[in-house]
Amino acid sequence: MKARTRVAKPRRQRSEDSGSDDLLRPSLETEFDVRSFRPLIDPNSILWACFFGGPLAGGLLFGANYRSMRMPRAAALAWAGGFAVMLLAIAIFFPILADGGADATSRSTRSGSRMIVSIVSVALGSLVARHQLRPFKAFVNADRRPRPLFWHALGACVIAWIVVIAIAAAATRLFGAHG
Amino acid sequence: MSANALIDALAQALRADPRNGPLWLHYAELLRAEKRDAEALTALRTAAEITAVRDEALLKLIPMLRNAGQLSEALIRAESLLERSDSLQLRTELEAIHAAREGRAADSPAAAPTPTPQPSRTPEPGAARNLLSNAPARADDADWAAQFDWGDLRITLADVAGLEDVKRQIRLRILAPFQKPEIYTAFGRSGGGGLLLYGPPGCGKTFIARATAGELGARFVSVSIHDMLDKYFGESEKLIHGLFEHARRKKPTVLFFDEFDALASPRGSSEQQFWKTLVDQLLQEMDGVQSRNKDVLLLAATNVPWNVDPAFRRPGRFDRVLFVTPPDDAARKLMLTKAMESLPGGSRIDVGPLVKRTQMYSGADLRALCERAAEPALDRSLEDGDVHEVTAADFQRALTQVRSSVLEWMASARNHARYSNEGGQYDELAEYLKLVQRW
Amino acid sequence: MAEPTSQRAFAERSEDPAENALRLASRYNDVQRCELAEREALRGLAAAPENADLQFELARSLFGRQQWRRADKAAERLLALAPEWPAALNLMCLLRAQQGSYGEAERLILDALRIAPESAALYETYGDLMRKTGHEAKAVRLYERARAIDPTDVDVHAKLALVESSRRRAGVAEKHARSGLACDPEESLAHAALGTAMLQRGRPYAARRHLREALRLEPGNESYEEAWLEADRYCRLVYLPMYYWCLLLSRIPGKQFMVWGIVMVLVALAGSLGVPPGVTGTFMLAYIAFCLYTWLASLILRLWLRLRPPNLDIEEA
């Protein structure tokens, strides 16, 4: 791309009122530098993982993205948030999911609740994705290549499913044992 | 039959048999007897191109050139003939030419110390300077001779390794109108016009331009952006006009513009008025080439023809465009053999495998390869004081270090040939890219 | 006797090698022969090492050659020589933005704008920076400021169109692109911007035409090539429904997830609303078939493109 670098002289013509111009107020953090970023995953693509893997899968990937952006606190929050939402979903939907009824109503109730969990995950994921979109754009625009989604998403989904199954199994045993 | 009728008949016979050397010599003799010296010179120049009668034609041409005051060409032709066949007559002739040139230099108040005809390969950057001079013709010629690149006219197309297709095109489209003007006149055409050479860097565009001038025996004036800018900033129109006026007076002349894109980039993109004016003037002068400037040939070379203002491509300007390809197998073989001959032990190395592995290497890349390959042997020699030979292994190692510089050019050229080939201007390039698709 | 032209020329000629080198370097940079510009700038700097203009041309040439590290050093040296030269700050900003050091790039461009608040080029650079970092609303305002200062700058019109396109305001984008083309109908960026706007307005054939034109005018631009190939794919009948589907999805919040949700809700409600199971079944089958098409569309297109590759002919395109 042709770089437009020419700016007419004179060299000094400092504006007195430029401080009052809100266009000339900085919008970026002084240290905002994508050179330090590790490759990011497209935050919009992570929504697929939210849909199929639930809040924990989404939280894992969003957290990984925050870590790549050198934002460890946000990463921890994303992981904790994903885990918390997953626990909440299990707590709410556990009675339905634990119901082993084989009739059509039970089946549709179970699939409906799974759908609700997926939709809520995607909705919450969209909020986080919005937050990650700007740094991601900046990252891509600095000619950096994003990380491919598929294997990471699959890994996150598998982890999320294992965790959900483990918790559900533990809960079944626990609540089953206590009647 | 009158002499003129005989000349006409001979001209007709030569049109039918243009490679008949003795006939050209006879034709030249008749023209000379009729005091039609300019035509006789053209006929002798043509005869000098035919191997069978070349030396005989040159022996007649050189004194005629001296008498006509075209001392530079006379000197160069005499020296080149002397290299092939030494004779007392020729030595006397050479002395006469030197004496004539010295006489001129002494006559001219503007003349610098007498130039020694050094076979320099470096173009004189200030070559255009003297062309602006309005001094009388004799001094002007001396000025011209003073700035002349003496090495040029010794280079002919025979010195260009490979590139047979390019040479064929030049012979057909550029040289023939000068060498066989009768044929072209019969078709209502004349010599001159413009030829734009383009291709990857280091593939010999400038060399081909010089060889073309050498082939024609024409004056060769190399003009670069340095000449325009270094010394004449703000005088561009006058400089360009002076340059063309000189070329018109001293035809046949080859005006060669190197790195033409820097001089003639699209006017819309030029930020300074100076460049816009310069391009306008250049276009104006080129428009005059066909009508007023018969026998003025304009050659230009560029690596980036797409950065040349499209106005230069219109008929009557650089309407002929030639793609100078990277050296083919035969050319690379020749280049490598030549380069390796100068290295100790180089002549014992099998060139074949190297030729295969250097596809898409430019001439400059091949030179770099040889230099790089010679480095270890040089180091070894410096270490123990003995001259060590270059080995095939040195070349294999150098091949991993010296990469083709042509590929990058091809990558950008590909898009131009594919997406911007309006009017088939890059057809040759597109064809070539199809041939070398795997690169 | 009249004074010879050459002597007049000599009278006005510059003997200063640095000045001559500067002119040449500047010219070479203007015509994008950056390797030659670098050579001339270095030649000039050998004669005048403290010449900021030459240092600027050197940095500019290295930027053009994408030799980032060397360009960075040259620009740093330039800023040491001329710390308050807006052009130098602008160049350094471009370099920093290229490297991804956006925070520093913004600081530099703001410094430059404080020195030269009426420079359209500086607002344009700042707009580019904001666009790159996803601050599109601010980028629009900056480009508008640049346009107010220099209404003839086609690039600014085109960039306004591009940023509006990425904000999904295709109508406004088209208007800006057309006003850019009115300034210069041969500007590739304006054609590309109009092509992008057309893609968003659901006119893939017009988009393909404009993107092809952009490519003709600037064949070396990879992003134009990519965009043209994409528009060409959208124009294939096998892919056209997919294109319109994607266009529709891009306007629905939640995209395909929302559609899935709606379909699930409809199916779930169908039973209670008394819709015959046959109708629900057919609807579901049709939906699944369409989903299958959307998943396979790229594959079908790829096969199709093997049979009918993109047409390079400008007229037919």
Side-chain angles (χ1 to χ4, degrees), chain B residues 110 126 128-135 143 201 224-226 228-239 241-243 245-246 259-266 268-272 274-275 278 302-304 306-310 411-422 426 430, chain C residues 1-17 19-37 39-40 43-44 65 154 184-188 211-222 224-225 228-229 310-315 317:
Chain B
R129 180 177 65 209
N130 296 324
L131 301 178
L132 287 176
S133 170
N134 290 338
D143 275 356
S224 77
I225 189 173
H226 286 83
M228 297 287 157
L229 204 58
D230 250 14
K231 300 176 174 64
Y232 303 101
F233 199 73
E235 291 281 325
S236 59
E237 295 139 276
K238 286 166 194 161
L239 172 78
H241 182 66
L243 194 68
E245 275 303 307
H246 184 88
E259 304 285 6
F260 191 58
D261 56 290
L263 207 61
S265 68
S269 69
S270 300
E271 286 172 13
Q272 293 178 29
F274 168 78
W275 293 103
L278 191 139
T302 175
N303 301 340
V304 278
W306 35 88
N307 277 1
V308 172
D309 195 316
S412 80
R414 182 193 70 97
N415 274 12
H416 288 272
R418 186 183 269 190
Y419 299 123
S420 206
N421 191 10
E422 296 146 69
Y426 302 125
Chain C
M1 195 177 130
E3 189 187 7
T5 319
S6 58
Q7 284 178 22
R8 285 206 304 278
F10 269 112
E12 293 187 24
R13 86 182 213 203
S14 166
E15 294 289 354
D16 181 359
E19 198 182 321
N20 288 331
L22 175 64
R23 285 172 184 158
L24 280 167
S26 167
R27 172 63 177 173
Y28 283 135
N29 272 327
D30 285 348
V31 298
Q32 291 170 48
R33 292 300 300 274
C34 300
E35 71 288 4
L36 299 176
R39 192 190 65 195
E40 291 304 329
R43 192 167 66 96
R65 297 185 70 192
V154 195
D184 183 0
E186 291 282 287
E187 174 58 47
S188 60
L211 289 166
R212 180 68 184 83
E213 183 63 7
L215 202 51
R216 182 186 70 81
L217 294 165
E218 203 184 325
N221 192 315
E222 283 173 16
Y224 294 171
E225 189 180 20
W228 173 68
L229 287 171
N311 187 357
L312 296 173
D313 196 310
I314 295 168
E315 293 304 315

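All values derive from a computational prediction rather than experimental measurement. Here is the naming used below: chain letters follow the sequence lines, and residue numbers restart at 1 for every chain.
- We find the CG-CD distance between B/N415 and C/E218 to be 10.5 Å, quoted to the nearest 0.5 Å.
- Taking each heavy atom of B/H416 and C/P219 in turn, the nearest pair found is ND1-CG, 3.2 Å.
- Contact between C/V31 and B/D261 at its shortest, heavy atoms only, is CG1-O, 4.4 Å.
- At a 4.5 Å heavy-atom cutoff, the contact between C/E40 and chain B is made by side-chain atoms alone.
- Between B/S265 and C/R27 the shortest heavy-atom distance is OG-NH2, 3.1 Å.
- B/R414 and C/E225 are joined by a salt bridge, as a carboxylate oxygen and a charged side-chain nitrogen come within less than 4.0 angstrom of each other.
- Note: C/R33 CZ to B/N303 CG = 5.0 Å, rounded to the nearest 0.5 Å.
- In this structure, C/E186 has no side chain to side chain donor-acceptor pair (under 3.5 Å) partners at least two apart in sequence or on a different chain.
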B/Y419 vs C/Y224, side chain to side chain contact (heavy atoms under 4.5 Å, CB included): CA-CA, chis, key distance, verdict:
CA-CA 11 Å; B/Y419 299 123; C/Y224 294 171; over 6 Å; no
For the pair B/R418 and C/L215, evaluate side chain to side chain contact (heavy atoms under 4.5 Å, CB included) and give the outcome as yes or no after the intermediate values.
CA-CA 10 Å; B/R418 186 183 269 190; C/L215 202 51; over 6 Å; no
